[in-house]
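Encoded as structure tokens, the structure appears first; notes follow it.
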Amino acid sequence: MTTLVSGIVLGSLYALMASGLSLIWTTLGVFNFAHGALMMIGAFVAWTVSEPLGLGLWPGLMAGIGSAALLGIIIEFLLVRPFYGRSNMLLITVMTTLAAMIILEKSAQIIWGARLKQLPRLVEGDVSVFGAVVSAHEALIVLLAPLILLALWAFTTKTATGRSLRAVGQNQDAAALLGINVPLTFALAFGLGAALAGLTGVLLGGIRFITPSLGAEPLVKAMIVVIFGGLGSLGATVGAAFVIGLAEAFLVLVLGLYWTPFMLFLGLIVVLIFRPNGLFGRA
Amino acid sequence: MLRTLGLLLALVGLAVVPIFVTDSYTRHLFILAFVYAVIASNWDLSLGYAGLFNFGHLTFFAAGVYTAALAAKTFGVNPWLAIPMGGATAVLAALIVSLPVARLKGIYVVLVTFGFSQLVLQLILSQSQITGGAGGMVRIPGLEIGDYRFIRDFKFGYYYVALGLLTLSTVYLFWLTKSPFGKSLLAVRDNEDYAQARGISVARQRVLALVASAVFPGIAGGFFAIYLRVAAPDVLSFGTLSLALSMVLIGGTATIIGPIIAALVLTFATEAMAGIRGMEEARFIVVAVGMILILRFAPGGLARLIGKST
């Protein structure tokens, strides 16, 4: 039971992380390697605002999400936008976002140092779910994640702004002809994706220690999730996130901590051999 | 003709360096630069010539590092033999990773080769009784000829082994890119459909390009382990990855010589910065910013920048 619950907690975090990655990919065709670093910055800013500045956790949460979103927009403006239309844009943006990741990680190390920090939990205490005791913080993550993802889904399908994101993702020229401000939409997609990363960071900061390399492992997991699900569909991404989260929790139980990542990667490569567009992806 | 002459002059120049440079630290920087140059220029074969943007070559390098380390230390193989064995495992690793890569496109190639590097990293970390885990393997036997031990000559011998390796690898790369095989890689890169129509199997060329570009990084990895007498998992870190990749891009893709020059320049630049207090972390930021600027303002890289001005 504890395994199931921890799998769902992991799945929720992966879903938040991966949906931001997927949103940026579908709209801009950019794979954001800085996603994990943005998550880490969100956690550090939240910690700084709520602990040393003493403003409390909720302003910290807002500051964490806001700073990640702002940095995301800056990355889009400085490191992605100048390269639109280049024939090797994919290669260039992988490299520029990788560079952004290095810059953010090393800056964090210089600013905050390597000492471990931890955020207080959003809510204190434990709750008991079907006989398994989990912290209320983790329970809140499990409740919050589907709500946020639902809101994201509603935003991209029901609102005009959200639909313009998808329109730009499908055909930039046609979207521009319809009067959609394409550059603004790109910035919005990147900012929104980064905000999701920042939120994940703040939530994770209450479970794990915050270090400059905090984002590396979740980034890799989010990558596995989007590959498993097939880049480009929110539903597939969320589904894959929970499959991976549960698989990871069970593998840890059966095989132990060491072999689990290995099996996940192996599964990833096998999936890619047989279904190059992901488990739920269309050919 | 002129280029061949220039390259020969550069080789002669590099060959006399250790006669004038006697301190072991500067020689060590040259050796590091040569190893990086082998990785970057071979990476360029698959990335620049075959147009296959992949994250594989650090994995091939790491395969070489651990093969040589295990062979020489655990199984007592002569280090001279352990080094080329690194090339063999790297080829094997390239074959494994090319299975999915042969059929994939674009970002998926990046992701699967990246996933593969993480898989190897996890394997190294989890098998700590064999690989030493996060701490790595130490006290790997060094090179000897008869009674002559390379460790005692202020890196004089190692310098020439590294330079020889880089020379061999560069000759190999020039030969390969000039050959019909190299031309067919360009054909696949520039027009996949047309190349296919002319009877070139795209999947097979991709497998061959990855395998052909894995040999020397593997051997370089083997040399690296024997030279440093250490095999540590940080050869697979994001920092090393971005440094090696930035050499390919800053130097200029599909040029071979560009990544080699960039490797020499960047190794000395980053190591010099590491010597400045407070720059240990910041030097990676400098390299990252430099790479972005090159991509933005000189997309052809250094090699084409120099080529244009002469």
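Computed from heavy atoms alone, side chains included, the values below leave out hydrogens, waters and symmetry copies. Letters A, B, ... are given to chains in the order of the sequence lines, protein chains preceding strands, and every chain is numbered from 1.
For the pair B:Ile107 and A:Leu90, the tightest heavy-atom approach, listed with the atom from each and the gap, is N-CD2, 3.4 Å. Of all non-hydrogen atoms in B:Ile285 and A:Lys106, the two that sit nearest each other are CG1-CB, 3.6 Å. Residues B:Arg296 and A:Phe83 share a closest heavy-atom pair of CA-CE2, 3.6 Å. Across A:Leu268 and B:Gly115, no two heavy atoms sit closer than the pair CD2-CA, 4.4 Å. Of all non-hydrogen atoms in A:Met95 and B:Leu249, the two that sit nearest each other are CG-CD1, 2.9 Å.
Of the listed residues (B:Ala288, B:Ser128, B:Ala102, B:Ser246), the greatest number of heavy-atom pairs within a distance under 4.5 Å of chain A belongs to B:Ala288. The choice from B:Val289, B:Leu245, B:Val112 that makes the most heavy-atom pairs within less than 4.5 Å of chain A is B:Leu245. In terms of heavy-atom pairs under 4.5 Å with chain B, the best-connected choice from A:Ile224, A:Leu78, A:Leu79, A:Thr96 is A:Leu79. Ranked by heavy-atom pairs shorter than 4.5 Å toward chain B, the options A:Ala100, A:Ala99, A:Ser213 are led by A:Ala99.
Heavy atoms of B:Leu104 lying under 4.5 Å from chain A belong exclusively to its side chain. Contact annotation for A:Leu266: both backbone and side-chain heavy atoms come within less than 4.5 Å of a heavy atom of chain B. Within the 4.5 angstrom heavy-atom criterion, atoms from both the backbone and the side chain of A:Ser107 approach chain B. Interface residue B:Ala282: backbone and side-chain heavy atoms are both found under 4.5 Å from chain A. Proximity to chain A (any heavy atom under 4.5 Å) is restricted, for B:Phe114, to the side chain, taken from C-beta onward.
Once rounded to the nearest 0.5 Å, the distance linking CD1 of A:Ile102 with CG of B:Leu243 reads 9.0 Å. Separation of atoms CZ (A:Phe265) and CD (B:Gln118) is listed at 5.0 Å; rounding is to 0.5 Å.
No side-chain heavy atom of A:Ile103 sits less than 4.5 Å from a side-chain heavy atom of B:Phe284. The shortest side-chain heavy-atom distance between B:Val110 and A:Phe33 falls under the 4.5 Å cut-off. Side-chain contact check for A:Trp259 versus B:Leu123: some heavy-atom pair is nearer than 4.5 Å.
Around atom CE of A:Met263, no more than 12 heavy atoms belonging to other residues, nucleotides or ligands sit under 6.0 Å away.
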Show your reasoning for whether side-chain contact (heavy atoms from CB on, under 4.5 Å) applies to B:Leu241 and A:Leu98.
CA-CA 10 Å; B:Leu241 174 79; A:Leu98 192 66; 4.3 Å; yes
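Within residues 44-57 of chain B, the residues having any heavy atom closer than 4.5 Å to a heavy atom of chain A are B:Leu47, B:Phe53, B:Phe55, listed by residue number.
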